[in-house]
Amino acid sequence: MPSDRIIYIIFFLALGLTGVLVLYPAYYALELSFQHRESLISEPEWVWFDNYARVMALPEFWAALGRGVTFAGLTIFLQIVLGIGFALLLAREFPGMPVIRGIAVLPYLLPTVVVSLTFRWMLDGSVGIFSKGAQLLGYDYLPWGDDPYLAMITVILISVWIWTPFVTLTCLAGLQSIPEDIYEAARIDGAGPWQRFWHITLPQLRSVLLVVLLLRAIWMFNKFDIVWLMTQGGPQQATETLPIYSYRQAFEMYDVGAGAAVSAISFAILSVLILIYFRLFPLDQKD
């Protein structure tokens, strides 16, 4: 049938586009990880697994991995906790609800570069609004960009501010699919707000939260833009995660093979964790 032929054409076009935009770059990056190259246009020298062994022997690699896990773990935890809380608030009926919901999702709609540059200006030690506020409170200087711990906390909080609306919207959609009859029966049985939340809301949101946790883990572990735009991995490599470390190896240390090897190792780590995750929390599991 003509309609079936069109479906097949669209399918193979999409498959070809995926191959060009996703599979070939991934293959090329994997190929680079087995080569010694000072740039993308230099003559390749095949070294096979030497790049992997050399990178994994460096303490800087493991430090970047630890910082990446810390950054991803804290941002995911705060996004999920705050996202569920905001979703519970926005699920209620109140005057101006559509406007409040629109404002709540606004950070997620803003380009990351705009958010990063705005926060950098607000945190500027001389003219930033946060610095001026700190001066009014008696503090002379706000060392957010000079103190390693404060820099990491700042990047984490800004990331939470940007991407919590995604969790909020997802959880809000899940909340609206829960039948009100279940809550009404629980109230009749004497269940309080906390009991209803723990025994009804969370179990009903289980499938939604599993998908959100998986997506946020992948995105935050690979997050490059917000960290680079805010701190470029500094100060003193305090915010240098694996994507930043890979970029530095390839384009600042002129070791493209090592940078590609870091990316390949990062991909392997995520793949293993995803397989374990699906083994522990199958998405099609029935409660």
Side-chain angles (χ1 to χ4, degrees), residues 60 63-64 66-83 85-87 89-90 96 98-170 215-253 259:
E60 292 85 358
R67 286 188 289 266
V69 172
T70 301
F71 170 75
L74 290 177
T75 52
I76 293 167
F77 173 78
L78 292 175
Q79 287 175 46
I80 290 180
V81 171
L82 294 175
F86 290 144
L89 292 176
L90 295 176
V99 177
I100 299 299
R101 287 182 176 178
I103 295 175
V105 76
L106 182 61
Y108 187 64
L109 302 178
L110 297 175
T112 303
V113 62
V114 173
V115 174
S116 301
L117 295 178
T118 302
F119 271 102
R120 287 188 62 175
W121 172 76
M122 295 172 67
L123 292 165
D124 185 88
S126 301
V127 299
I129 186 172
F130 288 138
S131 299
K132 294 296 183 181
Q135 291 175 6
L136 294 176
L137 296 175
Y139 297 95
D140 294 332
Y141 180 64
L142 188 67
W144 79 270
D146 300 328
D147 183 87
Y149 296 102
L150 190 56
M152 176 61 82
I153 292 173
T154 302
V155 173
I156 288 173
L157 293 179
I158 294 174
S159 301
V160 171
W161 183 82
I162 297 175
W163 290 292
T164 294
F166 170 80
V167 183
T168 300
L169 288 177
T170 308
L215 294 177
R216 297 316 305 163
I218 295 172
W219 291 338
M220 299 313 299
F221 188 76
N222 289 322
K223 188 54 65 177
F224 175 86
D225 50 5
I226 184 68
V227 181
W228 181 258
L229 291 170
M230 289 298 302
T231 65
Q232 295 188 348
Q236 305 171 25
Q237 287 75 49
T239 58
E240 186 179 76
T241 57
L242 281 186
I244 304 294
Y245 183 69
S246 174
Y247 176 86
R248 289 194 186 282
Q249 287 291 318
F251 300 107
E252 292 186 3
M253 304 301 293

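Please read all numbers here as calculations on a predicted model, not as lab measurements.
- Atom CD1 of Ile162 is separated from atom CD1 of Ile226 by 4.0 Å, given to the nearest 0.5 angstrom.
- Heavy-atom minimum distance, Gly234 versus Thr239: O-OG1, 2.7 Å.
- Residue-environment remark: CZ (Phe77) stays at or below the threshold of 12 foreign heavy atoms within 6.0 Å.
- At most 12 non-hydrogen atoms from other residues, nucleotides or ligands lie less than 6.0 angstrom from CD1 of Ile129.
- Listed by chain and residue number, Pro111, Leu117, Leu229 satisfy the side chain to side chain contact (heavy atoms under 4.5 Å, CB included) test with Val113 (two or more places apart in sequence, or in another chain).
- Between Tyr108 and Phe166, the two ring planes are tilted [angle within 30° to 60°].
- Side-chain atoms of Arg67 never come within 3.5 Å of backbone atoms of Gly233 as a donor-acceptor pair (strictly under, hydrogens ignored).
- Shown here is Arg101, whose CZ atom has more than 12 heavy atoms of other residues, nucleotides or ligands within 6.0 Å.
- Scanning for side chain to side chain contact (heavy atoms under 4.5 Å, CB included) contacts around Gln232 gives Trp228, Arg248, with sequence neighbours left out.
- Under the 4.5 Å side-chain criterion, counting only non-hydrogen atoms from C-beta, Leu106 is not in contact with Pro165.
- For Pro243 against Lys223, the heavy-atom pair with the smallest separation is CG-O, 3.8 Å.
- Ring geometry, Phe130 versus Phe119: the interplanar angle falls under 30°, so the pair is classed parallel (tilted spans 30 to 60°).
- Between Met152 and Leu74 there is no side-chain heavy-atom pair separated by less than 4.5 Å.
- Within the 3.5 Å criterion, the main-chain N or O of Ala64 finds no donor-acceptor partner in the side chain of Thr241.
- Residues Thr112 and Phe224 are not in side-chain contact: their nearest non-hydrogen atoms beyond the backbone lie 4.5 Å or more apart.
- The OG1 atom of Thr170 sits 9.0 Å away from the CZ atom of Arg216 when rounded to the nearest 0.5 Å.
- The shortest non-hydrogen separation linking Gly102 to Val105 is O-CG1, 3.2 Å.
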Check the pair Ser159 / Thr75 against side-chain hydrogen bond (donor to acceptor under 3.5 Å, both in side chains), numbers first and verdict last. CA-CA 7 Å; Ser159 301; Thr75 52; over 6 Å; no
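- The distance from the CG atom of Leu90 to the CG atom of Leu169 is 8.5 Å, given to the nearest 0.5 Å.
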